[in-house]
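Computation of the quantities below employed the complete heavy-atom set of this structure, encompassing side-chain atoms and omitting hydrogens, waters and symmetry-equivalent molecules.
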Amino acid sequence: MRAAISGDAAAYRRFLEAVTPRLRAMARRGGERFGAPAGDAEDLVQEVLLAIHLKRGSWDQSRPIGPWISTIVRIKLIDALRRRGRQAGVPLGDVIDTLEAAEPADTLEQRDVERLLGRLKEQQRDIVQSISVNGRSVRETADRLQMTEGAVRVALHRALKALAALYRSDAS
């Protein structure tokens, strides 16, 4: 990091590559300790990396960098937990088998589903359609979209969360 602060871009890249696995571990442990969904860990890592980038000039180079990074992780974890509030979360793995939807009973219901899905981002819509409507597995969907299974699960979780918000806003 000292070399990076002096302008060595290659050293900065090496630093970020070296620190990222540790950040992931810290984010997972912190999330588990406070009941945050596992999918939030990667978002936390990205926030921490951004904070490190933006605040790298505030690191006192006479001190070890580990405690400075740990403080950033702790602050970003607290921020994420505050944003999340007291929402109950269910791990996606616990309900993934129940997400497959039955055939719509009538065309009005089908139109409602299509209308809500149409308000999602294209990739989210494709993932929800594939898994929840068409009954394809996460693996099949990941292979077709050339994504990792983890990325598909995270995207599905976010899409379902967005659908729930859209449904609530329509109902009120």
Approximate separation, where rounding is to 0.5 Å, of [X] [atom1] and [Y] [atom2]:
{"X": "Ile127", "Y": "Arg153", "atom1": "CD1", "atom2": "CZ", "result": "12.0 Å"}
{"X": "Ile5", "Y": "Arg56", "atom1": "CD1", "atom2": "CZ", "result": "7.5 Å"}
{"X": "Ser58", "Y": "Ile72", "atom1": "OG", "atom2": "CD1", "result": "6.5 Å"}
{"X": "Lys76", "Y": "Met26", "atom1": "NZ", "atom2": "CE", "result": "14.0 Å"}
{"X": "Ile131", "Y": "Arg139", "atom1": "CD1", "atom2": "CZ", "result": "12.5 Å"}
{"X": "Leu145", "Y": "Asp126", "atom1": "CG", "atom2": "CG", "result": "5.0 Å"}

For [X] versus [Y], what's the shortest heavy-atom pair and its separation?
{"X": "Ser132", "Y": "Leu156", "result": "OG-CD1, 4.2 Å"}
{"X": "Ala4", "Y": "Ala11", "result": "N-CB, 4.2 Å"}
{"X": "Leu117", "Y": "Gln129", "result": "CD1-OE1, 3.2 Å"}
{"X": "Val128", "Y": "Ala159", "result": "CG2-CB, 3.5 Å"}

With the side chain counted from C-beta on, respond yes when [X] and [Y] share a heavy-atom pair under 4.5 Å apart, and no when they do not.
{"X": "Met1", "Y": "Trp68", "answer": "yes"}
{"X": "Val73", "Y": "Val45", "answer": "no"}
{"X": "Gln123", "Y": "Met147", "answer": "yes"}
{"X": "Trp59", "Y": "Ile69", "answer": "no"}

Mark yes or no for whether [X], through its side chain, and [Y], through its backbone, hold a donor-acceptor pair below 3.5 Å.
{"X": "Arg125", "Y": "Leu120", "answer": "yes"}
{"X": "Asp60", "Y": "Ser62", "answer": "yes"}
{"X": "Thr141", "Y": "Ser137", "answer": "yes"}
{"X": "Arg119", "Y": "Arg115", "answer": "no"}

Atom CD of Glu17 with >12 non-hydrogen neighbours under 6.0 angstrom:
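Yes, the 6.0 Å shell around CD holds more than 12 heavy atoms from other groups.
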More than 12 heavy atoms from other groups under 6.0 Å of CD on Gln146:
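Counting other residues, nucleotides and ligands, CD of Gln146 stays at 12 neighbours or fewer.
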Same cluster (ILVMFWY, side-chain, under 4.5 Å), Leu44 and Ile78:
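No, because Leu44 and Ile78 fall into different hydrophobic clusters, even though each may have its own neighbours under 4.5 Å.
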With side-chain contact (heavy atoms from CB on, under 4.5 Å) as the criterion, how do Glu42 and Val154 come out once you've worked through the C-alpha distance, each side chain's angles and the decisive distance to 0.1 Å?
CA-CA 10 Å; Glu42 192 59 34; Val154 169; over 6 Å; no
Does the pair Glu140/Arg144 count as a salt bridge with the N-to-O cut at 4.0 Å?
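Looking at Arg144 together with Glu140, the answer is no, because their closest N to O distance does not fall below 4.0 Å.
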Between Asp43 and Arg158, is there a side-chain N and carboxylate O pair less than 4.0 Å apart?
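Here Asp43 pairs with Arg158 in a salt bridge, since their nearest N and O are under 4.0 Å apart.
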Any chance you could lay out the side-chain contact (heavy atoms from CB on, under 4.5 Å) test for Arg82 and Asp79, step after step, and finish with the verdict?
CA-CA 5 Å; Arg82 282 185 181 144; Asp79 289 347; 4.2 Å; yes
With Tyr12 via ring pair (Phe, Tyr, Trp, His ring centres under 6.0 Å) - residues at least two apart:
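Tyr12 satisfies ring pair (Phe, Tyr, Trp, His ring centres under 6.0 Å) with His53 only.
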